[in-house]
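The structure under discussion appears below in the form of structure tokens.
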Number of protein chains: 2
Amino acid sequence: MLKTKRSNSDSSEESFDLAIDASDRAILRVLLDDSRKTLQEISATVGLSPTTCWSRIRKLQEQGVIRRYTVDLDAAKLGYHDSVIVQVTLESHSDETLYRFGKALAEIPEIQECYLVSGDYDYYIRIAVRDTRDYERLLREKLYKIPGIRHSQSHFVLRVLKEASVPLA
Amino acid sequence: MLKTKRSNSDSSEESFDLAIDASDRAILRVLLDDSRKTLQEISATVGLSPTTCWSRIRKLQEQGVIRRYTVDLDAAKLGYHDSVIVQVTLESHSDETLYRFGKALAEIPEIQECYLVSGDYDYYIRIAVRDTRDYERLLREKLYKIPGIRHSQSHFVLRVLKEASVPLA
DNA sequence: AGTGAAAAGGCTTTAAC
DNA sequence: GTTAAAGCCTTTTCACT
């Protein structure tokens with residue numbers, strides 16, 4: 001097994017590259033598309049026996065490659081018809097400010113994604129909103145209530161071309 | 001059943017608000033966290049019988065609220081240790097340019113998310129990269145190969161505070 | 001590592017309340 | 001919406017290669 005020391009890693013205790021081969025990736029590709037496929041169906045696609053697929057899947061779970069089984073929901077059908085990307089610049093870039101701000105953000109349920117990025121220590125946020133009025137309310141009542149914002153810029157999402165999923169090249 | 005006509009919707013043929021109550025949301029919350037929970041477990045959490053949960057889940061699937069069952073993968077464990085947010089401004093804002101550019105973007109597997117946003121008709125993109133060298137290669141060999149880019153700005157993701165999931169407030 | 005058969009258990013459906 | 005029950009199919013284990 002190839003083990004390569006990695007410098008960074010904020011999502012794993014293991015700092016080694018895992019031995020994931022083409023069959024594993026084939027399995028993951030099937031599960032990404034439909035995690036309720038039966039072992040027989042998976043087996044037919046990847047060309048291994050159901051049992052082998054099962055033990056590989058179990059290993060992938062134990063390694064944490066598969067973090068969880070979940071559902072993909074249609075936000076619009078739940079009333080969240082729009083999405084807004086907000087870029088926030090903070091007044092202070094101290095560790096404490098960054099930490100406090102990040103924690104406050106994570107508690108807002110409408111926030112779908114939130115990244116601290118390099119450059120000017122900005123946050124990139126994507127918010128799900130019911131409509132423009134809801135957007136205005138969210139910003140005013142929730143986002144701007146968090147102290148420490150120097151500046152923010154919003155962009156409405158006009159079209160979603162691709163949504164999150166891990167590449168398996 | 002309350003039916004309200006909606007103006008926009010690019011993800012659904014149905015342009016009505018669906019009748020989703022607190023129990024449905026409770027079920028969805030369980031499934032988001034673990035879509036392999038048994039009906040008995042779900043039933044215990046939401047306080048309805050397994051059969052009722054089952055028929056509600058089936059309805060949610062038919063309505064398209066549940067788009068698919070999938071897995072949540074750890075990108076870092078698959079070798080994608082970093083994430084970069086790229087903001088792209090196009091030279092032309094014609095329909096054809098926007099369409100062609102968007103289509104070309106969607107074909108790049110490393111692109112995790114891609115949004116066309118209002119304002120200056122920019123694209124917001126998040127790319128999964130193996131490391132900084134991989135990032136440079138991706139930009140040079142894939143992104144910049146697409147014609148029509150006026151300007152682009154990259155921000156490395158330093159910390160992920162929250163990842164995509166639909167709010168169920 | 002992969003395979004195949006066999007047991008244990010859950011899903012799905014129907015029917016009655 | 002609920003309970004009960006039946007058949008079917010999966011997952012999971014285990015012994016073997």
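In what follows, chains carry the letters A, B, and so on, assigned in the order in which the sequence lines appear, proteins first and then strands, with residues in each chain numbered from 1. A quick note: this is a predicted structure, and the numbers were derived from the prediction, not measured.
Of all the heavy atoms in A:L78 and A:R130, the pair that sits closest is O-NH1, 3.7 Å. Residue A:T52 comes nearest to A:S49 through the heavy atom pair OG1-OG, 2.9 Å, listed as atom of the first residue, atom of the second, then distance.
Within a 6.0 Å radius of CZ in A:R140, other residues, nucleotides and ligands contribute more than 12 heavy atoms. Other residues, nucleotides and ligands contribute over 12 non-hydrogen atoms within 6.0 Å of the CG atom of A:D21.
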### Task
Both distances under 3.5 Å, Watson-Crick or G-U wobble: on that basis, could you give the dot-bracket string for DNA chain C, with [ ] for crossing pairs and | for other-strand partners?
.||||||||||||||||

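To the nearest angstrom, C1' of D:dT12 lies 18 Å from NZ of A:K59. Going from atom CZ of A:R36 over to atom P of D:dT10 covers 12 Å, rounded to whole Å. Note: CD (A:E62) to P (D:dT12) measures 12 Å, nearest angstrom.
With A:T70 contributing its side chain and B:D33 its backbone, the two residues share no donor-acceptor pair below 3.5 Å.
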Strictly under 3.5 Å: I want the nitrogen or oxygen pairs between protein and nucleotides 4-6 of chain D, one per line.
none

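A salt bridge links A:R58 and A:E62; the closest N-O separation between the charged side-chain nitrogens and carboxylate oxygens is under 4.0 Å. Under the 4.0 Å criterion applied to side-chain N and carboxylate O atoms, B:E107 and B:K103 are not assigned as salt-bridge partners. A salt bridge links A:E113 with A:R126: the distance from a Lys NZ or Arg NE/NH1/NH2 to an Asp or Glu carboxylate oxygen falls below 4.0 Å.
A:R56 comes within 4.0 angstrom of the backbone, heavy atoms only, and of no base. Within 4.0 Å (heavy atoms only), A:T52 reaches at least one base atom of the nucleic acid.
Take the nearest nucleotide of DNA chain C for B:R58 and for A:S23: the residue whose nucleotide is more 5' is A:S23.
Atoms CG and OH, from A:L161 and B:Y123 in turn, are 5.5 Å apart once rounded to the nearest 0.5 Å.
Looking at B:V46 and B:S23, their side chains never come closer than 4.5 Å, going by heavy atoms from C-beta outward. Residues B:L139 and B:I127 meet the side-chain proximity criterion, which asks for heavy atoms closer than 4.5 Å.
Extent of DNA chain C lying under 4.0 Å from chain A heavy atoms, first and last nucleotide in 5' to 3' order, is C:dG2 to C:dA5.
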